[in-house]
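Everything quoted here is computed from the prediction, not taken from an experiment. Whatever order the structure lists them in is the order used to number ligands and atoms, beginning at 1.
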Amino acid sequence: MKEIESADFESQVLQAGKVVLDFYSTECPPCEALAPKFDSLAEIYGKDIKFMKVYRQKNRDLAEKLGVFGSPTLIFFDGGKETGIRLTGGIKRSDIMFNLNAMLAPERVTELKSNLKPFTSEYDVAIIGSGPGGLTAGLYLCQARINTVLIDTGLPGGHVSLTHQVSNYPGFIDPQPGYMLSHNMSEQTKKCGSEFKVAVDVTHVDLKKKEIVIDEYETIQAKKIIIATGTSPNYLNVPGEKELKGKGISYCATCDAKYYGDKEVVVVGGGNSAVEEAEFITKFATKVTMVHQFDKFQANKQAQEKLLANPRVNVLLRHEPRYFERKGDKMAVGLENLNTGEKSELLTDGVFIFVGLKPNIDLFGGLLELDNWGYLKTDEDMRTSIDGVYAVGDVRSKKYRQITTAIADGTIAAINITRELDN
Ligand SMILES: Cc1cc2nc3c(=O)[nH]c(=O)nc-3n(C[C@H](O)[C@H](O)[C@H](O)COP(=O)(O)OP(=O)(O)OC[C@H]3O[C@@H](n4cnc5c(N)ncnc54)[C@H](O)[C@@H]3O)c2cc1C
């Protein structure tokens with residue numbers, strides 16, 4: 001792996017045939033997550049494609065010239081021209097391979113694939129999901145000197161890293177930015193010594209054999225598994241929603257509200273998430289229209305009062321979206337008044353949808369016992385219906401889903417596992 005400086009860019013990248021260039025920074029968790037994947041792919045593809053790194057902070061001129069504003073960023077070059085899709089943030093091995101394969105002849109890709117040697121890693125405990133529940137379990141297990149790995153399809157932190165401010169997590173006088181809280185949680189667990197395999201594809205899970213396959217080639221074998229996969233946002237399932245997801249329809253205010261400075265948006269939903277996130281969006285958007293199916297919001301009273309006192313907020317109760325459509329640079333939201341059946345269309349700049357969450361359990365192939373809402377049933381020690389498999393946090397059947405309840409579950413599962421492994 002060669003490290004270059006701005007001055008080398010012309011000779012080492014533009015005139016060097018096929019190159020993949022990694023703009024990295026220090027103190028950058030996604031860069032740390034990328035490093036082992038980049039190294040192992042260099043071993044496989046290194047004869048055909050040059051793997052190079054450039055330290056972004058020290059080579060700002062080059063980064064800015066190439067429009068690189070985040071670390072890590074991977075750029076692919078072929079014959080002096082950028083090719084493929086730029087990758088940034090929590091970069092998956094499969095996405096890098098997709099770009100690398102596109103730079104080579106199909107026969108060569110087949111040949112390289114046949115050289116891939118699958119391997120197995122062994123741990124005492126594998127935790128699937130590294131939100132607050134998984135991270136807390138990882139911390140307790142690590143402090144008990146139990147060999148633990150955390151596996152996540154994204155970066156560590158879960159929902160908290162995407163929550164703009166958390167005001168109800170004890171120990172802090174002032175509200176904390178969610179990304180900072182989740183960063184501190186994951187660094188604490190990492191510093192203790194738990195291993196992280198993040199931004200990976202979890203391609204197969206066998207709960208009975210306690211095996212998890214990641215990126216199709218590494219099998220993780222464990223004595224115990226903790227499921228901490230949390231929840232994902234529900235869709236409304238109306239025409240246009242899937243097509244416009246990420247192109248005007250968002251499920252994350254922290255990620256996307258900043259794009260709506262001086263614009264108007266519609267927020268669908270009326271629970272705590274919808275009301276709190278709408279309040280955050282008013283820091284950017286000049287008008288937020290709340291569309292909610294019931295005749296009052298379900299969010300806590302304090303959050304409702306704050307939102308409703310905000311002059312930028314307009315409310316349409318007893319209304320439901322029926323379709324979304326792009327009309328020029330505007331988004332059309334088809335609405336139905338649930339009292340009168342009257343149909344109307346609202347033109348806006350963007351739509352945020354917060355209509356509840358569903359448990360992330362698709363991986364587990366219907367083997368585990370569920371409650372009526374599809375959440376994983378556990379006993380009070382967090383044991384699921386399969387021996388040696390635990391579930392913690394939002395994915396488990398329970399009444400209240402909060403950071404504090406997720407970390408409590410993680411604590412309980414870890415202490416129980418520690419006792420079992422010690423016996
Ligand atoms: C918009 C919003 C605002 C919120 N605000 C607050 C608040 O202010 N205070 C509060 O206490 N709570 C809040 N919550 C709730 C809180 O975030 C959750 O209760 C908490 O994050 C649950 O933690 P968890 O570890 O169970 O799951 P999550 O935080 O959901 O983490 C799950 C992790 O599992 C990973 N994962 C998912 N599927 C897979 C898979 N197949 N393989 C591997 N990994 C996988 C995900 O990438 C994620 O990192 C909020 C939630 C939302 C949605």
Exercise for review: May I ask you to list the atoms of ligand 1 that are less than 4.0 angstrom from any heavy atom of Gly393?
Suggested key: 26 (O)

Check your understanding: Above 12 or not: heavy atoms from other molecules or residues under 6.0 Å from CG of Asp422?
Key -> yes

Study note, to complete from the structure: of all protein heavy atoms, closest to atom 23 (O) of ligand 1 is Pro132 CD, 3.3 Å

Point to revise | Nearest non-hydrogen protein atom, atom 44 (N) of ligand 1 | key: Thr153 N, 3.4 Å

Exercise for review: Answer yes or no: is there an ion pair linking Lys37 with Asp215, defined by an N-O contact shorter than 4.0 Å?
Suggested key: no

Exercise for review: Evaluate whether atom OH of Tyr179 has more than 12 neighbouring non-hydrogen atoms of other residues, nucleotides or ligands under 6.0 angstrom away.
Suggested key: no

Exercise for review: Have a look at Ala274, Cys252, Ser273, Ala406 and point out the one with the heavy atom closest to atom 52 (C) of ligand 1.
Suggested key: Ser273

Exercise for review: Report yes or no: is the cationic atom of Lys242 (NZ for Lys, CZ for Arg) under 6.0 Å from the centre of the six-membered ring of Tyr235, at an angle within 45° of the ring normal?
Suggested key: yes

Check your understanding: Under a 4.0 Å N-O cut-off, is there an ion pair linking Lys18 with Asp48?
Key -> no

Exercise for review: Fit a plane to each ring of Phe352 and Phe354, take the angle between them on a 0 to 90° scale, and name the class: parallel (under 30°), tilted (30 to 60°) or perpendicular (over 60°).
Suggested key: parallel

Practice item. Report the part of Ala228 (side chain from C-beta onward, or backbone N, CA, C, O) that has a heavy atom under 4.0 Å from ligand 1; answer both or neither where that applies. Key: backbone

Point to revise | Top protein contact for atom 41 (N) of ligand 1, by heavy-atom distance | key: Leu363 CD1, 3.2 Å

Point to revise | The one among Arg396, Glu277, Gln402 that brings a heavy atom closest to atom 14 (N) of ligand 1 | key: Gln402

Review point. Any idea which part of Val202 is under 4.0 Å from ligand 1, heavy-atom wise: side chain, backbone, both or neither?
Key: side chain

Check your understanding: Where the closest heavy atom to atom 5 (N) of ligand 1 is concerned, which of Val160, Thr163, Leu150 has it?
Key -> Thr163

Review point. Among all protein non-hydrogen atoms, which one is nearest to atom 16 (C) of ligand 1, and what is the separation to 0.1 Å?
Key: Ile403 CG1, 4.0 Å

Review point. Does a side chain donor of either Thr203 or Tyr217 reach within less than 3.5 Å of an acceptor in the other side chain?
Key: no

Practice item. Please write down residue, atom name and distance for the protein heavy atom closest to atom 25 (O) of ligand 1. Key: Gly133 N, 2.9 Å

Revision key, fill the gap. among protein heavy atoms, the one nearest atom 27 (O) of ligand 1 is Gly230 CA, 3.5 Å

**Study point:** Side chain Asp124, main chain Asn147, donor-acceptor under 3.5 Å
**Key:** yes

**Study point:** Salt-bridge criterion met for Glu218 and Arg93 (N-O under 4.0 Å)
**Key:** no

Review point. Considering only protein heavy atoms, which is closest to atom 28 (P) of ligand 1, and at what distance to one decimal place?
Key: His159 N, 3.8 Å

**Study point:** Ligand-side contact atoms (ligand 1) for residue partner Thr231, heavy atom cut-off under 4.0 Å
**Key:** 30 (O)

Check your understanding: Looking just at side-chain N and O atoms, do Thr83 and Asp78 make a donor-acceptor pair shorter than 3.5 Å?
Key -> no

**Study point:** Nearest neighbour in protein (non-hydrogen) for atom 7 (C) of ligand 1
**Key:** Asn168 OD1, 3.8 Å

Review point. Between the candidates Asp152, Thr136, Ile128, which shows the shortest non-hydrogen contact distance to atom 33 (C) of ligand 1?
Key: Asp152

